[in-house]
Every structure is written in structure tokens, then in C-alpha cells.
Amino acid sequence: MPKINSPTGLEDLRREILSKRDPNKPCITLCSGTACHATGSEKVAVAIEKELEKQSLKDDVDVRRTGCHGFCERGPIVVIYPEEICYLNVTPEDVSEIISETIKEKKIIDRLLYTDPNTGEKVVYEYEIPFYKEQTRIVFGPNKNIDPKSIDDYIAIGGYSALSKALFDMTPEQVLDEVKRSNLRGRGGGGFPTGRKWETTRNAPGEPKYVIVNCDEGDPGAYMDRSLMEGNPHSVIEGLIIGAYAIGSHEGLIYARQEYPLAVENVNIAIKRVEEYGLLGKNILGSGFDFKIKVHRGAGAFVSGESSALMTAIEGKVGEPRPKYIHTSECGVWDKPSDLNNVETWANIPLIINKGSEWFTSIGTEGSKGTKIFSLVGKVNNTGLVEVPMGTTIREIIYKIGGGIPGGKKFKALQTGGPSGGCISEEYLDTPVDFDELAKLGSIMGSGGMIVMDEDTCMVDVARYFVDFLCDESCGKCVPCREGLKRVRKILNGIVAGEGKEGDIELLKEIGNVMSKASLCALGKTAANPILSTIRYFRDEYDAHIEEKRCPALVCKDLISYYIDPERCNACRLCLKNCPADAIDGEKKLIHIIDQSKCIKCGTCFDVCPPKFSAVKKISGAPVPPPIPEEKRVIVKAKKAKGGKK
Amino acid sequence: MDVEKIDGIIDGYVDEEGVLIQILLDIQRELNWVPKEAIMEVSKRLQIPISQIYRVASFYTAMSLTPMGRHLVQVCLGTACHVRGAPKILNKVENTLKIKAGETTEDMMFTLRTVNCLGCCAMGPVMVVDEDYHGKMKTSDVNGILERYE
């Protein structure tokens with residue numbers, strides 16, 4: 001393919017691509033993001049291709065493997081165009097029916113549709129499913145329409161028109177002004193105004209200047225950057241080239257975790273295509289502007305997502321942070337001015353250039369403009385990626401989009417911002433989510449992880465979980481973080497093991513405050529947030545652990561016992577057969593008893609006991625009732641029948 | 001160990017700066033671990049002290065300084081999996097394989113690792129063996145899944 005060398009060349013190509021595409025031709029799209037892939041979407045894709053061939057429809061129907069659609073709970077997702085009929089949880093066995101019924105006969109297959117859990121109503125079209133209907137998907141939206149490996153797909157939806165506009169209709173200063181006026185703030189967690197960051201690097205002395213994409217997404221429970229990188233890498237690349245033009249950089253770096261193999265693969269393919277098309281490299285589109293991009297794989301260290309640490313990692317060294325008396329935007333990779341922005345931030349740039357800062361600032365709140373992608377996970381019905389305008393309330397996100405808490409359980413807390421964030425309790429459900437509001441509650445928006453917790457989650461255990469995580473990931477360079485986290489971990493381990501004592505909470509708070517004031521980088525500075533916020537909102541749970549040696553959520557292993565309720569046990573022997581410690585005594589028609597001295601509290605008996613019996617109970621803070629006398633253990637038939645009816 | 005293989009990897013990065021991590025990642029992928037001899041070869045070719053290479057290789061989780069088992073079992077301990085009971089799954093796997101996370105079974109069959117998030121939280125708790133994802137795991141599923149691997 002000859003390189004495109006002018007804006008009109010790009011528009012001609014776009015017209016040519018579109019003219020070859022018939023909008024009415026049936027197209028089966030298939031989510032091929034990591035989550036759907038894990039649930040078997042590739043097998044479905046192969047089955048579809050085979051079936052189309054078998055039914056001689058190969059030339060009449062297109063098949064497209066797209067990026068993540070976001071509704072990961074119900075994958076693999078298949079959407080059939082032009083109608084946008086949406087089928088969920090599709091298996092290879094469903095494929096021949098989909099082809100012969102829906103493609104050929106235009107009939108809907110009811111059982112594959114989304115069913116509203118509240119009304120029982122079936123929803124046919126993807127855009128009518130409440131999960132999608134309540135979202136504003138300006139950044140994440142194109143994911144479901146394009147094959148990330150195809151640059152033509154991206155060009156067909158208007159791709160690289162913002163780049164062409166920036167290069168030919170705007171000066172670098174105008175591009176910078178537009179981004180500054182948009183008030184776009186960094187989506188990686190810091191929330192620093194992107195335009196100001198760009199300006200610093202632009203004005204900093206030193207050549208060459210670098211522009212960098214931070215795709216070292218490390219917060220557990222957050223995967224929006226990966227889904228963008230996997231599903232729509234061109235939007236990130238386009239944003240990066242525009243940024244480079246505004247800053248005056250000719251070299252870009254994409255730092256992506258090697259744990260995200262599909263993201264690395266797709267972005268490498270994308271870079272190759274953009275080079276072939278003349279949208280990257282020397283003299284882009286004939287504008288005279290040169291720019292190249294290199295991909296750098298991260299080798300797995302949470303702290304390397306921090307800007308100064310990431311830059312040392314790019315230099316091939318241990319990814320540790322350094323003090324930032326001089327910002328990386330002035331002195332970064334190889335001591336050169338380096339502008340680092342998050343994946344989602346870069347993906348917003350083409351939209352701002354194309355639609356203008358006025359349009360962008362019309363979305364969101366006073367201090368936080370635009371939308372944000374959240375990864376809504378944990379104890380929520382509709383797990384997935386959610387894009388909403390800044391200022392949407394937590395309640396809307398969890399209940400309207402997320403469909404509430406599964407199993408009729410009660411909401412307890414929302415954890416936001418990953419290990420640097422905090423837990424927010426029920427009374428703040430109506431808080432609008434943006435950079436400033438969450439900070440007021442002692443949490444942060446962070447990169448957008450939202451983990452829903454219900455009544456079965458122990459908040460002390462959650463605090464310990466994050467401290468454990470941070471202890472492992474702390475690089476050890478500065479004392480407050482390295483030693484503080486270790487002390488805190490020891491205290492929390494004591495509390496969950498029933499060895500907590502008076503004064504522990506005060507000590508946790510004290511250490512936490514020192515860590516946040518004296519640590520070198522953001523990891524240590526924010527490491528206390530999960531502890532301080534859980535103490536702030538869930539002090540009663542800490543007290544129960546320390547004073548009563550009781551875990552109210554029945555989670556902490558050392559504070560609970562498993563017990564078989566003799567009234568409910570049907571002597572089915574399931575728990576007995578599965579117990580790895582041989583701690584359960586019983587036989588057919590003989591009520592089972594757990595030998596507490598042998599029990600390793602693995603919870604297998606609790607998991608395998610059939611829900612209709614629910615005989616295995618967890619007890620905390622109270623003694624286990626003594627085993628029932630031998631003579632009462634035998635289940636006589638009449639009693640069994642009665643029990644069965646219950 | 002095949003020195004030619006290591007040299008081949010290094011040759012792919014001639015005249016580039018800051019390539020140590022990329023080279024070590026490639027070695028890990030090729031050999032499934034980073035042996036001492038490989039580190040020495042890299043040191044010789046790149047003129048970087050062994051101590052520095054060791055520091056990098058021991059800092060990042062992607063590189064293993066001990067040989068790995070034939071199958072890699074990863075239990076996700078991301079927050080979403082954690083609140084859905086991942087610690088119980090890990091416990092069960094540890095008891096079944098009789099090793100702790102980070103270790104390899106004596107017969108070199110399994111290496112057990114924990115990961116901090118695989119980004120498929122909808123399936124949590126998740127366990128991955130080699131390339132196969134097992135979602136919505138229960139403790140009672142563990143044995144059956146591990147028995148499938150030889």
C-alpha cells in the first residue's frame with residue numbers, strides 16, 4: 001500500500017473503505033477481549049466461520065473479532081449487525097442455530113437474549129440493555145465496532161481525522177491551547193491537568209523530548225487501560241502523535257505490561273500499520289512532522305507504574321521511583337524532558353481535537369470534565385467496564401448500571417482507587433464521583449477501579465489485603481514505606497488472628513500518618529488510605545475483632561469455626577467425602593459432626609453442602625455447640641421425610 | 001543451556017539503549033527461566049556487571065531465577081477475586097500440591113504463583129493453568145482441574 005501523503009489522500013482512502021462496505025450486509029461481531037477470550041470466544045468465532053462455510057454464506061456475512069464490549073459478566077458476547085441483536089453467554093453449540101435462525105430467517109433466539117432480572121423482560125438490542133443504556137461511551141464506545149487489528153476499521157469510523165486536523169489546520173500552540181481549555185485531567189489517578197503537563201515538557205530545555213503512554217496498569221481489579229489498548233490501540237496512538245506535535249517531540253514510548261500479551265500484540269500490529277499508511281514515521285501525511293513509536297514491555301512491578309519509576313524501567317534499570325524536586329516532565333527518560341500520560345488520557349485527545357474543548361467541557365463537573373471509564377467488579381451483578389460522565393453518583397453506577405448486589409445481599413462498601421484508595425460506606429452512596437469529591441471522603445478516584453463489597457466482606461481483612469499487596473510491591477528504597485508497611489502488616493495480621501489489643505488502632509493511625517507524610521513516592525504516601533478509611537467508616541468491625549475476638553462478616557479464618565447444624569444435616573456425606581483433613585465424622589443416615597481439633601477451616605464443607613440443606617454454618621465470637629449425643633445422631637426415616645419437606 | 005540462543009536474543013537488540021529488561025524477558029520466554037549462565041552471557045556481551053543484572057532479574061516478577069514446572073498454576077488474588085473467596089482457593093491448591101505460592105513441586109510438574117489481577121474480574125475467583133482460564137472457582141473444583149494435567 002502506498003503511503004498517504006496528504007489530508008485529502010486520507011479522506012479519499014476513508015471514502016474508498018466506506019464505499020466497499022455495505023451497511024446492510026449482515027456482520028457478526030464477537031467480543032475478543034481477555035475476559036471473553038477466557039470464557040471461550042475464540043472457539044465461538046471458529047465455529048461461526050465453519051458454520052458460515054457449511055451453509056454457503058461465507059461471502060454474504062462478515063465476521064469481526066472486536067475489542068472488549070465491557071459487559072464481561074455475560075461473555076462471550078455476539079452482536080449481529082445491522083440490527084444490533086445481542087446474544088450473551090454464547091457457546092459453540094449455539095452457533096448453527098444463530099446462523100440458520102437469526103442470519104437466514106431473521107428470527108430472534110430468545111434464550112440467548114439479556115433478561116432483565118427485575119422485570120423478566122427480554123432485551124433484543126445491545127443498546128437497550130440497561131447496562132449500556134445508562135452509560136456515555138465516548139472513549140470506550142468504538143471498541144465494539146472495530147477489529148483492533150484492522151486500521152481500515154478505525155479509519156472507517158473517522159480515525160486519524162483529528163491528527164490530520166491538528167497537523168494541517170492548527171499550530172502546535174493551538175493544539176496545546178485546545179487541550180488546556182478542555183481541562184482534561186490525567187486518568188491514571190493523579191488528576192493533574194494534561195495541558196499543563198504538556199506545556200512544561202514543551203517549554204523545558206533539552207532535546208530530544210519524549211512522549212510516553214503509561215499502560216502499566218497495576219491496580220488489582222482495574223482493567224480499563226488494557227481493554228482500550230487491546231480493543232482500540234489506534235485511538236491511543238493517534239492521541240500520542242497529536243500530543244507529540246503539540247509538545248515538539250519526535251519519539252514516543254509505549255510502556256505496556258508483559259502480563260497483557262494481547263495489548264502488546266495489538267499495539268505492535270497497529271504501529272506497523274500506521275507506519276505503512278504514512279501516518280507515523282517521517283513526514284507524516286506530508287506535513288513535514290516526523291514521529292516514531294517504540295513499545296517497551298514492563299516486567300511486572302507495581303511501583304513501576306509511578307512516573308519516575310517507569311522512566312528508570314524504560315532505561316533498562318530497576319524500576320524504582322526517585323524524589324521529584326525536578327519533575328519528570330522536565331527531566332525524565334535519559335534525563336530528557338518526558339511527558340507521561342495514561343492510556344485513557346491519550347485516547348481522549350483525538351475527541352477533544354475533533355469536537356473541540358467546548359464540547360468536552362459540557363460533560364462532567366466543575367472540576368472534572370469529560371467521562372471516566374470505571375471497572376466495576378466484586379460483589380455486583382453486572383461486572384464490567386462502565387463509562388459515565390464525571391459526577392455520576394456511586395448509587396447510579398452500582399444499582400442502575402451494575403444491577404445491584406447479587407443474592408439479595410446488603411451493600412457494605414465501595415473500594416475505589418486501588419491500593420492507594422479507600423473504602424466508602426453506604427451513607428455516601430449519593431456522592432457524585434469525580435477527582436475532588438472522592439478525595440473529600442478519604443479515598444481517590446485513581447485509575448478507576450471500583451470494587452463493590454457486600455455484608456460478607458470483612459473490612460479489616462480488606463485493609464490487611466491491601467497492606468499485604470503493598471508490602472510485597474514496596475520497592476524498599478525509602479524507610480517510611482518499607483518499614484511502616486511491615487509494622488502495619490504485623491498489627492493487622494494480629495487483629496485478624498484474634499491477637500489484637502487495645503491501642504492497636506491508634507498505633508495504625510499514627511504509623512499511617514507518618515507514612516503519608518514522609519514516604520518518597522505516591523505508593524507510600526497513599527499506602528495508609530485503605531487502613532485509615534476503613535478505620536474511619538468501619539471502626540466497629542475493628543473493635544469486634546479486637547475486643548470480642550469476633551469477625552462480624554465471618555471471614556477471618558482464625559476467628560471462625562465451621563459447625564454442622566444437626567437439625568439441617570441430611571447425612572448426604574458430601575462434606576465428608578470432600579473434607580481434605582478427614583475432620584468430619586458420619587455415615588449414611590448418621591448426622592455428621594466436625595472434629596474441631598482436626599478442622600483446617602478450608603471451607604470446603606461449607607461450599608459443597610447443598611443449598612437446600614445449608615447445614616454447614618460459620619460461627620464467630622461464640623463457642624461451638626457441643627456435638628449431639630450419639631443416640632440422637634441416627635436419622636430415622638420419618639424424620640428425614642419431614643426434614644426433606646422443610 | 002544453549003549459548004547460541006542467548007546470543008541470538010541479544011543480537012536482536014544491537015545498538016539500542018536500555019534493552020536489559022527486554023533481553024531478560026525474551027530469555028525468560030525462550031527458556032522458561034533465567035539461568036545463571038544466561039546472566040553471565042548477557043553480562044559479557046552487554047558489559048553490564050552480573051550484580052546489576054541479578055538485581056534487575058530479582059526485582060521484576062516476570063523473571064524466574066529458578067527452573068519452573070511443566071505447568072504454571074496462577075491463582076488470581078486481585079481485589080475482586082479476593083472478596084469472592086480467592087484466598088480459600090489458594091489454600092486449597094497449596095494443600096493439594098503440597099507447596100506454597102512461589103514454589104515448584106518436586107516432580108517439576110507444577111509451579112504455583114499468585115497474581116494481582118488478570119483483568120477478568122467477572123469470572124472471579126479465577127485460576128489459570130498454563131493458558132486455560134477457570135472461572136467462578138469453588139474449592140471443590142480444584143482437584144478435578146489439576147488432575148487433568150500431566
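Residue numbers start from 1 in every chain, and the chains themselves are labelled A, B, ... in the order their sequence lines are given, proteins ahead of strands.
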Student: Using a cut-off of under 4.5 Å for heavy-atom pairs, which of A:E259, A:K317, A:M453 has the most such pairs with chain B?
Tutor: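 With the most close heavy-atom pairs to chain B, the winner is A:K317.
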Student: Under 4.5 Å from any heavy atom of chain B, what part of A:V452 do you find: side chain, backbone, both or neither?
Tutor: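 Interface part for A:V452: backbone (N, CA, C, O).
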Student: Among B:L25, B:L20, B:V56, single out the residue with the greatest number of heavy-atom pairs under 4.5 Å to chain A.
Tutor: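 Option with the greatest count: B:L25.
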Student: Sort B:E16 into side chain, backbone, both or neither according to what part of it lies under 4.5 angstrom from a heavy atom of chain A.
Tutor: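 Just the side chain, heavy atoms under 4.5 Å.
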Student: Give a yes-or-no answer on whether the side chains of A:T34 and A:E230 include a donor-acceptor pair shorter than 3.5 Å.
Tutor: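 Yes, a side-chain donor-acceptor pair sits under 3.5 Å.
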Student: So for A:T604, is it side chain, backbone, both, or neither that comes closer than 4.5 Å to the heavy atoms of chain B?
Tutor: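 Its backbone and side chain both get close to chain B.
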Student: What part of A:R297 gets within 4.5 angstrom of chain B, counting heavy atoms only: side chain, backbone, both, or neither?
Tutor: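 Backbone plus side chain of A:R297, per the 4.5 Å heavy-atom cut-off to chain B.
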Student: With a 4.5 angstrom heavy-atom cut-off, could you sort out which part of A:A581 is near chain B: side chain, backbone, both or neither?
Tutor: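 No part of it gets close to chain B.
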Student: Below 4.5 Å, heavy-atom pairs only: which of B:Q28, B:M123, B:R55 has the largest tally toward chain A?
Tutor: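 Heavy-atom pair counts peak at B:R55.
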Student: Would you say that A:Y562 contacts A:K601 through its side chain, given a criterion of any heavy-atom pair below 4.5 Å between the two side chains?
Tutor: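 Yes, close enough: below the 4.5 Å cut-off.
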Student: I'd like to know if A:D454 and A:K409 make a salt bridge, using a cut-off of under 4.0 Å between side-chain N and carboxylate O.
Tutor: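 Looking at A:D454 and A:K409, the cut-off is not met.
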Student: What part of A:F71 gets within 4.5 angstrom of chain B, counting heavy atoms only: side chain, backbone, both, or neither?
Tutor: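 Neither the backbone nor the side chain of A:F71 comes within 4.5 Å of chain B.
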Student: Please flag which part of B:N116 lies under 4.5 Å from any non-hydrogen atom of chain A: side chain, backbone, both or neither.
Tutor: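 Both parts, backbone and side chain.
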Student: Between A:M459 and A:A413, which heavy-atom pair has the shortest distance, and what is it?
Tutor: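 Residues A:M459 and A:A413, closest heavy atoms: CE-CB, 3.6 Å.
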Student: Out of A:Q415, A:H37, A:K294, A:E320, return the one with the most heavy atom pairs under 4.5 angstrom to chain B.
Tutor: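 The option with the most such pairs is A:E320.
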Student: Identify which part of A:S304 has an atom lying under 4.5 Å from any heavy atom of chain B, answering side chain, backbone, both or neither.
Tutor: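 Side chain only.
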Student: Please rank A:G378, A:A299, A:G384 by heavy-atom pairs under 4.5 Å with chain B and give me the top one.
Tutor: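 Among the listed options, the one with the most contacts to chain B is A:A299.
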Student: Can a salt bridge be assigned to the pair B:K88 and A:D607 using a cut-off of 4.0 Å between side-chain N and carboxylate O?
Tutor: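 So B:K88 pairs with A:D607 through a salt bridge.
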Student: Please flag which part of A:N382 lies under 4.5 Å from any non-hydrogen atom of chain B: side chain, backbone, both or neither.
Tutor: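 The answer is neither part of A:N382.
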Student: Decide, yes or no, whether a salt bridge links A:E455 with A:K412 under the criterion of side-chain N to carboxylate O below 4.0 Å.
Tutor: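 Judged by the 4.0 Å cut-off on N to carboxylate O distance, A:E455 and A:K412 do not form a salt bridge.
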Student: Is A:E73 salt-bridged to B:K136, going by a charged N under 4.0 Å from an acidic O?
Tutor: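 Yes, charged N to carboxylate O under 4.0 Å.
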Student: Counting heavy-atom pairs under 4.5 Å with chain A, which one of B:K138, B:R29, B:Q22 comes out on top?
Tutor: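 Most heavy-atom pairs under 4.5 Å with chain A: B:Q22.
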Student: Salt-bridged, B:D7 to B:R45, with N to O below 4.0 Å?
Tutor: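 Here B:D7 pairs with B:R45 in a salt bridge, since their nearest N and O are under 4.0 Å apart.
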Student: Scan side-chain atoms only and decide if B:Y149 and B:D130 contain a donor-acceptor pair under the 3.5 Å cut-off.
Tutor: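 Per modelled atom types, B:Y149 and B:D130 side chains form no pair under 3.5 Å.
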Student: Quick one: of B:C121, B:P87, B:C76, who has the most non-hydrogen atom pairs under 4.5 Å with chain A?
Tutor: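 Highest number of heavy-atom pairs under 4.5 Å: B:C121.
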Student: Could you tell me which of A:V318, A:T383, A:L376 has the largest number of non-hydrogen atom pairs under 4.5 Å with chain B?
Tutor: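 Greatest number of close heavy-atom pairs with chain B: A:V318.
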Student: If I measure from the heavy atoms of chain B, does A:I451 come under 4.5 Å with its side chain, its backbone, both, or neither?
Tutor: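 Contact with chain B involves the side chain of A:I451 alone.
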Student: Contact part of A:V380 toward chain B, heavy-atom cut-off under 4.5 Å: side chain, backbone, both or neither?
Tutor: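 The backbone, not the side chain.
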Student: Does a side-chain heavy-atom distance below 4.5 Å link A:T39 with B:Y133?
Tutor: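 The answer is no; the side chains never approach within 4.5 Å.
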Student: Using a 6.0 Å cut-off, check whether atom NZ of A:K43 has over 12 heavy atoms from anything other than its own residue.
Tutor: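 Result for NZ/A:K43: open.
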Student: If I measure from the heavy atoms of chain A, does B:L118 come under 4.5 Å with its side chain, its backbone, both, or neither?
Tutor: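 Backbone only.
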Student: Determine the option with the most heavy-atom pairs under 4.5 angstrom with chain A, choosing from B:S140, B:A62, B:G119, B:C117.
Tutor: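 It is B:G119.
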Student: What distance separates B:K98 NZ from B:F110 CZ, expressed to the nearest 0.5 Å?
Tutor: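 Here the rounded value is 12.5 Å.
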Student: Give the intermediate values and the outcome of side chain to side chain donor-acceptor pair (under 3.5 Å) for residues A:Y260 and A:D225.
Tutor: CA-CA 10 Å; A:Y260 286 178; A:D225 290 348; over 6 Å; no
